[in-house]
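Positions are given from 1, in the same order as the sequence printed here.
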Amino acid sequence: TKEQLPDLHSHFCDLNLEAHMYASQWFLTLFTAKFPLCMVFHIIDLLLCEGLNIIFHVALALLKTSKEDLLQADFEGALKFFRVQLPKRYRAEENARRLMEQACNIKVPTKKLKKYEKEYQTMRESQLQQEDPMDRYKRENRRLQEASMRLEQENDDLAHELVTSKIALRNDLDQAEDKADVLNKELLLTKQRLVETEEEKRKQEEETAQLKEVFRKQLEKAEYEIKKTTAIIAEYKQICSQLSTRLEKQQAASKEELEVVKGKMMACKHCSDIFSKEGALKLAAASREDQGIETDDEKDSLKKQLREMELELAQTKLQLVEAKCKIQELEHQRGALMNEIQAAKNSWFSKTLNSIKTATGTQPLQPPPVTQPPKEST
């Protein structure tokens, strides 16, 4: 500072403020003790690129930028400024960057630094030669005693830490064994529940298979009845059509015979005298009416039979629809039962896993979502 900042050096001499009072912490910690990290990163980059001399450049740049404030401060104020105010000034990254630029512009000859180093070594040797050997030995003895006491204290601390760690390790081991016992018990219970659940699942599957077999038999029976009823209806329709054809043929034959008889009677003079034309027509009309009545009776009986068959067919269709509805309802109930079984199994399995994970101190896993099967339309 005497060559770079003579006025600041004289001010420090007036205050009896030596360089080791403020700069020793900078050099020993590479400015990491008080200054922000953004500035420390720049200093380390320059140190790796330029070498150790950059530390003196940064120190001189700090003194130059704070020259005005330091010239106005007293001894206590200067120390407080170095300790508090100076690090706060370089919290902004822009200020740190400008400081690094100024530090790079400062030129400190390497020869002068080596010269100062040699002068310091010579001064230290002369001080050691002028010093009384007894005082030097006492100082060395005191330093060795302090080092021995420090090592003994460190040894005691390490022994205490070792004992404490052993106790803590034993406690952790006991807790781990207790947790292992609890987990083993829970595992046995879980296995037992799993066996019970599998047995229940097997029973449910057997019941489902039985229900399916019953439904299949009922469906086959209903289909067989439908086929049988359809065949009966087709036979009835065929019989009705045959009866209608026979009735038409008989009516035509009766009409022809009636015309022949009428012609013969009209050709016979004796018959024509006995029967008048109106009487013959009336008789013919009466016979036709009797035949029509008989034909109507047959038609009514056929229609009645046809209505009975249609009613039987409708009842059969209704029974078939009811059977299908029952089958669909049972299928729906079976799907609901399977969903309930799956949900109960997943819920029980997730609770078991959660209890195991909670006992081991880890985060419980989330159970997978239960997929619902599509509902059958009734």
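Ile55 places a side-chain heavy atom less than 4.5 Å from the side chain of Leu30. At a threshold of 4.5 Å between non-hydrogen side-chain atoms, the residues Val163 and His160 do not count as touching.
In this structure, the ring of Trp26 has its center less than 6.0 angstrom from the ring center of Phe82.
Atom CG of Leu194 is separated from atom CG of Leu189 by 12.5 Å, given to the nearest 0.5 angstrom. Between atom CG of residue Asp157 and atom CD of residue Glu152 there is a gap of 11.5 Å, rounded to the nearest 0.5 Å. Rounding to the nearest 0.5 angstrom, the gap separating the CG atom in Asn53 from the CD1 atom in Ile106 is 12.5 Å. Atoms OG and CD1, from Ser244 and Ile239 in turn, are 11.5 Å apart once rounded to the nearest 0.5 Å. To the nearest 0.5 angstrom, Leu219 atom CG is 15.5 Å from Tyr224 atom OH.
Without hydrogens or angle criteria, His11 side chain to Leu70 main chain gives a donor-acceptor distance under 3.5 Å. Although no hydrogens or angles enter the test, the distance criterion places a donor-acceptor pair under 3.5 Å between the side chain of Asn95 and the main chain of Arg89. Side chain of Asn184 to main chain of Ala180: a donor-acceptor pair is present (N/O by atom type, distance under 3.5 Å, no hydrogens or angles). Between the side chain of Ser10 and the backbone N or O of Asp7, at least one donor-acceptor pair lies under 3.5 Å. In this structure, the side chain of Ser148 does not engage the main chain of Gln145 through any donor-acceptor pair within 3.5 Å.
When the shell of 6.0 Å around CG of Leu144 is examined, it contains more than 12 heavy atoms from other residues, nucleotides or ligands. The local environment of CD in Gln85 is crowded, with over 12 non-hydrogen atoms from other residues, nucleotides or ligands closer than 6.0 Å. For Lys201, the NZ atom sits in a loose shell: 12 or fewer heavy atoms of surrounding residues, nucleotides or ligands are nearer than 6.0 Å. Annotation for His20: atom NE2 counts as buried by contact number, over 12 foreign heavy atoms lying within 6.0 Å. Residue Arg246 qualifies as open at atom CZ: its count of foreign heavy atoms under 6.0 Å is 12 or below. With a 6.0 Å radius and a threshold of 12 heavy atoms from other residues, nucleotides or ligands, Glu161 has its CD atom at or below the threshold.
Under a hydrophobic clustering in which Ile, Leu, Val, Met, Phe, Trp and Tyr are joined whenever their side-chain heavy atoms come within less than 4.5 Å, directly or via other members, Ile54 and Leu52 fall into the same cluster.
Side-chain contact annotation: Glu101 with Asn105, donor-acceptor N/O pair under 3.5 Å absent. Under the 3.5 Å distance criterion, with hydrogens and angles disregarded, a donor-acceptor pair is assigned to the side chains of Thr65 and Tyr90.
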* Asked: When you look at Arg307 and Lys304, which way does the side chain to side chain contact (heavy atoms under 4.5 Å, CB included) test go after all the steps?
  -> CA-CA 5 Å; Arg307 281 196 300 271; Lys304 186 177 181 180; 4.1 Å; yes
* side chain to side chain contact (heavy atoms under 4.5 Å, CB included) evaluation trace for Phe31 with Leu62 -> CA-CA 11 Å; Phe31 301 91; Leu62 286 172; 3.8 Å; yes
* To do: Go through the steps to decide whether Leu8 and Lys64 satisfy the test side chain to side chain contact (heavy atoms under 4.5 Å, CB included), and finish with yes or no.
  => CA-CA 9 Å; Leu8 188 60; Lys64 279 187 177 181; over 6 Å; no
* Take Asn171 and Gln175 through the test side-chain hydrogen bond (donor to acceptor under 3.5 Å, both in side chains) and record every step on the way to the result. => CA-CA 6 Å; Asn171 292 331; Gln175 292 178 1; over 6 Å; no
* Asked: Where do Lys212 and Arg216 land on the side chain to side chain contact (heavy atoms under 4.5 Å, CB included) test, with the steps shown first?
  -> CA-CA 6 Å; Lys212 283 184 177 179; Arg216 187 181 62 79; over 6 Å; no
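Of all heavy-atom pairs spanning Pro87 and Pro36, the tightest one is O-CD, 3.7 Å. Here the shortest heavy-atom pairing between Glu93 and Cys38 reads CA-SG, 4.3 Å. In this structure, Lys67 and Leu5 approach most closely via the heavy-atom pair CD-CD2, 4.4 Å. When all heavy atoms of Glu206 and Arg202 are compared, the closest pair comes out as OE2-NH1, 2.6 Å. Nearest approach of Leu63 to Phe12, heavy atoms of both residues: CD2-CE1, 4.4 Å. Counting all heavy atoms, side chain and backbone alike, His57 lies closest to Ala103 at CB-O, 3.4 Å.
Look at Lys228 and Glu225 and you find no salt bridge, because none of the NZ, NE, NH1 or NH2 atoms lies under 4.0 Å from a carboxylate O. By the 4.0 Å N-to-carboxylate-O rule, Asp174 lies close enough to Arg170 to be salt-bridged with it. Using a cut-off of 4.0 Å between Lys/Arg side-chain N and Asp/Glu carboxylate O, Glu76 and Lys80 are scored as not salt-bridged.
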